[in-house]
Amino acid sequence: MKLLIQNGTIVDPAGGISGQKDLLLDNGVITMIGDHLSDTTAQVIDAAGLHVSAGLIDMHVHLRDPGLTHKEDILTGSEAAAHGGFTTIACMPNTKPVMDNPDTVAYVKKRAQHNCGVHVLPIGAVSIGERGEQRTNFKDLKAAGVVALSDDGMPIMNANLMRDALLRGNRRGLTVLSHCEDDTMVHGRGVNEGRVSRALGMPGRPAIAEELMVMRDAMLAEETRTAVHICHVSTAGSVNIIRQFKRKGVRITCETCPQYFILTHEEILRQGTMAKVNPPLRATKDRDAILAAVKDGTIDCLVTDHAPHSAEEKALPLVAAPAGMVGLETALALNLTYLYHAGVLPLEEVIAKMTLRPAEVLGLGGSVGMLALGAPADVTIFDVNEEWTVDPSDFRSKGRNTPFAGMQVKGRVRYTIADGKIIYKA
Ligand SMILES: [Zn+2]
């Protein structure tokens, strides 16, 4: 099937094309890019007044499948991704069982073949059961199709295991995505250590617990000359460390999520468990530092850390409720509202952090994340100016746990196209 996208404004951070152009998608690839294209056999989308980018990529998603499908499953998570403009998502291995073996990877890939068309890329666990003790078999995981390695959700406390994982992962072209928190300083603690934790009379998760691990991983990457990627960076100290090591030429990349440059820990006082996430929402100085690091390029990627939980789970008391928030269906709008419309970043840079950069970190190759001739026909079409109000009852995700409910945002997905097929249309 052919699809002709006419009159859209191209957003191509790779720099090849700009302005108003038509795109012809045929047989799963972009076959023509030009002015006034026509093809009588193609289905036509009139994208006048809309922006057209490569399909969005979210490299940090929890699909909860297998084993935790009351929260989300591969089909609903994929629907949520398509609804949010994502054509590719990488899913974390903290499922039940943990994705630490080729069979579980095969299960995820097989289920994903029956989804709406979103590309689902499995991430393999670094350690068996994410217990941080025994390394998984990277060779077998790679052969099964994982695109990266992570024990996300759990920090890798054993520095020797982390060092070994960097070396062996690097050899196989697998980047380690590190969840940086010193477990001994955060265990059983629900909120950031500071004014809010004191007001609640609770022990908090201190910023230093994240920063110590960021420093350790940066030093290990430097020493081993391997690449490391730091997940969901949330503190001023973390971005300072990453900035310094990048300047030295160390292969360190990182990501953040909208909640870390929009919200602070004060949100816990207003929204309780809806604002509980790991790492926790931080102080104003941290939020401002994350925003500055998004702006100056220290933060490479914008991800969601989409972490669905059931209403029953989030109704538990603050200490007992699970941490996490959904993000797939609000990320583009939040990033456009708080980065592009707020004048922090040009549109190309926002889109680069949601397409090109994650494709680079994961080493996807094959022009994934770009609008180029021969690139996969994965395209997102959005209205950069449409205003709407976040309403979790519209989500395709099983999870409704968002602190952004009721928020006015600007920027909305109109079409999500994967492999040349329309998988979501507003
Ligand atoms: Zn994490």
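Atoms within a ligand are numbered from 1 in the order they appear, just like the ligands themselves.
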Q) Are H179 and H232 near enough that their ring centres are under 6.0 Å apart? A) yes

Q. Is there an N/O/S atom in H232 that lies less than 2.8 Å from the Zn ion (ligand 1)?
A. yes

Q | Presence of salt bridge, K248 and E222, under 4.0 angstrom | A | yes

Q.
Closer than 4.0 angstrom, basic N to acidic O: yes or no for R216 and D182?
A. no

Q) Got more than 12 heavy atoms from elsewhere within 6.0 Å of NE2, H187? A) no

Q | the Zn ion (ligand 1) - closest N/O/S atom in D152 | A | OD1

Q: Of all N, O or S atoms in H179, identify the one at the shortest distance from the Zn ion (ligand 1).
A: ND1

